[in-house]
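Since the structure is predicted, the reported quantities are computational estimates derived from the model, not experimental observations. In each ligand, atom 1 is the first atom listed, and ligand 1 is the first ligand listed.
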Amino acid sequence: MQNEMMHRPVVKKELVDYMRTKQKPLSGKIGELEREANQRGVPVIPHETVVFLQFLLGQLQPQEILEIGAAIGFSSSLMSQYVGEKGHVTTIDRYDVMIKEAKENYARLGLEDKVTLLEGQAQEILPTLTGPYDFIFMDSAKSKYIEFLPECLRLLKKGGVLMVDDIFQGGTILDPVEAIPRKNRAIHRKLNAFLDVVTEHPQLTSTLVPLGDGVLLITKDEEEIHL
Ligand SMILES: C[S@@+](CC[C@H](N)C(=O)[O-])C[C@H]1O[C@@H](n2cnc3c(N)ncnc32)[C@H](O)[C@@H]1O
């Protein structure tokens, strides 16, 4: 018998709205920050990903977290609530406008000791880090994911989790390249190559989750990964 669920799109607009409105809002100053970011159209993780991250980090109880792509410091502030007393979040951003706002937000939330913002290009900063990290959240330029993967895997603890956001390229990831506007073709090609490498790698375990514009969770099964 055919499984008809296989042929129905899972995430209808109504369900996305439901996930965003039904699930508990964030309270306090971080809730204000989320609402402000959404009103202003600042690209922060959508609420369904917020709730997923809260659940996941609540279970994993990481100590050391690395983020690539801080923007205004929303997701790093959220993640800092889950690292325990001794834990820390390190995040990276290259854009001065975002960096300024992120710093103001860390001060406003009293997180200056809990979050370190490294300023500059991730491709230059990542090789200088030693980690290791229990959890890495990659949420930066999509075309660079494939380039950052070896560094993320080097910095990730065995059994740690690398979470990657926005991997479906606005839902167009499976479209033929001719249907993609020329300016987005390099991203399309590199994002597809990244997904192929990760999902097919014998030393990595991964899962695709249709939250927001797609989330990929990766864990490494061995200390050294040969890409
Ligand atoms: C989608 S936003 C991050 C949102 C944030 N994680 C949140 O949910 O609150 C992406 C950010 O990554 C930064 N970024 C993109 N590519 C980068 C790179 N190669 N190095 C450093 N920062 C980068 C951008 O400046 C931007 O602020």
Side-chain angles (χ1 to χ4, degrees), residues 19-20 23 25-26 28-57 62 65-83 88-109 111 114-129 133 135-152 155 161-171 183-184 186-187 190-191 194 209 211-217:
M19 285 193 281
R20 289 183 185 173
Q23 303 192 94
L26 295 175
K29 288 183 181 166
I30 186 120
E32 282 170 26
L33 187 57
E34 183 186 29
R35 281 187 292 281
E36 282 167 22
N38 287 330
Q39 275 159 14
R40 290 169 51 204
V42 177
V44 299
I45 48 170
H47 194 66
E48 64 273 27
T49 307
V50 167
V51 178
F52 179 76
L53 204 46
Q54 288 181 299
F55 188 94
L56 183 65
L57 296 181
I65 294 184
L66 174 67
E67 176 183 67
I68 311 172
I72 61 166
F74 170 64
S75 52
S76 46
S77 298
L78 179 75
M79 292 191 292
S80 76
Q81 297 178 344
Y82 292 86
V83 292
H88 199 81
V89 177
T90 302
T91 184
I92 303 174
D93 212 288
R94 64 180 176 190
Y95 186 23
D96 54 355
V97 176
M98 293 290 179
I99 289 167
K100 183 170 174 288
E101 274 201 54
K103 284 182 178 168
E104 286 165 8
N105 287 327
Y106 298 140
R108 175 176 154 194
L109 272 67
L111 294 173
K114 213 66 196 152
V115 183
T116 302
L117 173 56
L118 304 176
E119 303 175 26
Q121 297 285 354
Q123 47 272 51
E124 284 163 24
I125 293 173
L126 288 171
T128 69
L129 302 177
Y133 297 95
F135 188 83
I136 302 181
F137 182 44
M138 181 150 69
D139 188 20
S140 57
K142 318 304 158 217
S143 62
K144 291 281 190 277
Y145 284 172
I146 192 154
E147 192 184 312
F148 296 165
L149 181 64
E151 284 299 318
C152 288
L155 291 166
V161 173
L162 167 59
M163 174 166 163
V164 188
D165 198 24
D166 294 330
I167 42 123
F168 290 155
Q169 206 183 16
K183 65 175 175 32
N184 296 335
I187 302 179
K190 288 182 183 178
L191 211 42
F194 169 73
V209 190
L211 286 166
D213 188 26
V215 164
L216 174 62
L217 297 177

**Student:** Could you identify the single nearest non-hydrogen protein atom to atom 2 (S) of ligand 1 and state the distance to 0.1 Å?
**Tutor:**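 Checked against all protein heavy atoms, atom 2 (S) of ligand 1 sits closest to P43 O, 3.6 Å.
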
**Student:** Under 3.5 Å between some N or O of ligand 1 and some N or O of G73?
**Tutor:**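 It does not: no N or O of G73 is found under 3.5 Å from an N or O of ligand 1.
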
**Student:** Would you say the side chains of H47 and E34 form a donor-acceptor pair under 3.5 Å?
**Tutor:**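 A pair is found: one side chain offers a donor N or O, the other an acceptor, under 3.5 Å apart.
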
**Student:** Which part of F148 is near ligand 1, with near meaning a heavy atom under 4.0 Å away: side chain, backbone, both or neither?
**Tutor:**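 Near ligand 1, F148 shows its side chain, while the N, CA, C and O stay back.
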
**Student:** What is the nearest protein non-hydrogen atom to atom 21 (C) of ligand 1, stated with its residue, atom name and distance?
**Tutor:**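 For atom 21 (C) of ligand 1, the nearest protein heavy atom comes out as G120 O, 3.4 Å.
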
**Student:** Looking at side-chain heavy atoms only, is the closest gap between L216 and Y145 below 4.5 Å?
**Tutor:**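 They are not in contact (no side-chain heavy atoms under 4.5 Å apart), so the answer is no.
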
**Student:** Would you say V115 and L109 make side-chain contact, with heavy atoms under 4.5 Å?
**Tutor:**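 Answer no - side chains too far apart.
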
**Student:** Of the backbone atoms (N, CA, C, O) and the side-chain heavy atoms from C-beta on, which set of K144 has a member under 4.0 Å from an atom of ligand 1: side chain, backbone, both, or neither?
**Tutor:**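 Neither part.
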
**Student:** Return yes or no for this condition: an N or O of K142 is under 3.5 Å from an N or O of ligand 1.
**Tutor:**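 No - when backbone and side-chain N and O of K142 are compared with those of ligand 1, no distance drops under 3.5 Å.
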
**Student:** Which of the atoms in ligand 1, numbered in the order shown and given with their element, are less than 4.0 Å from a heavy-atom of Q121?
**Tutor:**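 Counting atoms of ligand 1 from 1, those under 4.0 Å from Q121 are 18 (C), 19 (N), 20 (N).
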
**Student:** How close do A71 and P43 get, heavy atom to heavy atom, and via which atoms?
**Tutor:**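 Scanning both residues completely, I find the closest heavy atoms to be CB-O, 4.4 Å.
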
**Student:** Under 4.0 Å from a heavy atom of Y95: which atoms of ligand 1 are those, numbered in the order shown and with their elements?
**Tutor:**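 Close to Y95: 25 (O).
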
**Student:** Examine distances only and state if a side-chain atom of D213 and a backbone atom of D165 form a donor-acceptor pair shorter than 3.5 Å.
**Tutor:**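 No; zero donor-acceptor contacts below 3.5 Å.
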
**Student:** To the nearest 0.5 Å, how far apart are CD1 in I68 and CG in D139?
**Tutor:**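 Separation between the atoms: 9.5 Å.
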
**Student:** What's the shortest distance from atom 8 (O) of ligand 1 to any protein heavy atom, and which residue and atom give it?
**Tutor:**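 Protein heavy atom at minimum distance: I45 N, 2.9 Å.
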
**Student:** Can you pull out the closest protein heavy atom to atom 12 (O) of ligand 1? Residue, atom name and distance to 0.1 Å, please.
**Tutor:**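 The closest heavy atom on the protein side is G69 CA, 3.3 Å.
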
**Student:** Checking Q121 side chain against R94 main chain: does a donor-acceptor pair fall under 3.5 Å?
**Tutor:**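 Pair absent, no side-chain N/O of Q121 close to backbone of R94.
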
**Student:** Considering only heavy atoms, does M98 approach ligand 1 within less than 4.0 Å through its side chain, its backbone, both, or neither?
**Tutor:**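 For M98, the contact with ligand 1 is made by the side chain alone.
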
**Student:** Does any non-hydrogen side-chain atom of V97 lie less than 4.5 Å from one of K100?
**Tutor:**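 Not touching, per the 4.5 Å side-chain cut-off.
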
**Student:** Is there a side-chain contact between F74 and V42 (heavy atoms, below 4.5 Å)?
**Tutor:**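 A side-chain contact is absent here, since even the closest heavy-atom pair is not under 4.5 Å.
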
**Student:** Among all protein non-hydrogen atoms, which one is nearest to atom 19 (N) of ligand 1, and what is the separation to 0.1 Å?
**Tutor:**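 Going by distance alone, atom 19 (N) of ligand 1 is nearest to Q123 OE1, 3.1 Å.
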
**Student:** Give a yes-or-no answer on whether the side chains of N38 and R35 include a donor-acceptor pair shorter than 3.5 Å.
**Tutor:**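 Per modelled atom types, N38 and R35 side chains form no pair under 3.5 Å.
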
**Student:** Select one of side chain, backbone, both or neither to describe which atoms of S76 lie under 4.0 Å from any atom of ligand 1, heavy atoms only.
**Tutor:**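 It is neither; nothing of S76 touches ligand 1.
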
**Student:** Kindly say whether K114 contributes a backbone atom to a donor-acceptor pair with the side chain of Y106 at under 3.5 angstrom?
**Tutor:**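 No.
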
**Student:** To which protein heavy atom is atom 26 (C) of ligand 1 closest, and what is the distance rounded to 0.1 Å?
**Tutor:**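 Sorting protein heavy atoms by distance from atom 26 (C) of ligand 1 puts D93 OD2, 3.4 Å first.
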
**Student:** Consider every N or O of A141 and every N or O of ligand 1, then say whether any pair is closer than 3.5 Å.
**Tutor:**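 Among all N and O atoms of A141, at least one is under 3.5 Å from an N or O of ligand 1.
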
**Student:** A70: heavy atom below 4.0 Å from ligand 1, yes or no?
**Tutor:**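 A70: in contact with ligand 1 (<4.0 Å).
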
**Student:** Does any non-hydrogen side-chain atom of I72 lie less than 4.5 Å from one of E36?
**Tutor:**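 No, their side chains stay 4.5 Å or more apart.
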
**Student:** In the protein, which heavy atom is nearest to atom 20 (N) of ligand 1, and how far is it?
**Tutor:**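 For atom 20 (N) of ligand 1, the nearest protein heavy atom is A122 N, 2.9 Å.
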
**Student:** Heavy atom to atom 17 (C) of ligand 1, shortest distance: which of E34, E67, R94 holds it?
**Tutor:**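 It is R94 that holds the nearest heavy atom.
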
**Student:** Any idea which protein heavy atom is nearest atom 10 (C) of ligand 1, and the distance to it?
**Tutor:**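 In this structure, atom 10 (C) of ligand 1 has D139 O, 3.2 Å as its nearest protein heavy atom.
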
**Student:** Do any nitrogen or oxygen atoms of S75 come within less than 3.5 Å of a nitrogen or oxygen of ligand 1?
**Tutor:**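 Yes - when backbone and side-chain N and O of S75 are compared with those of ligand 1, one distance drops under 3.5 Å.
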
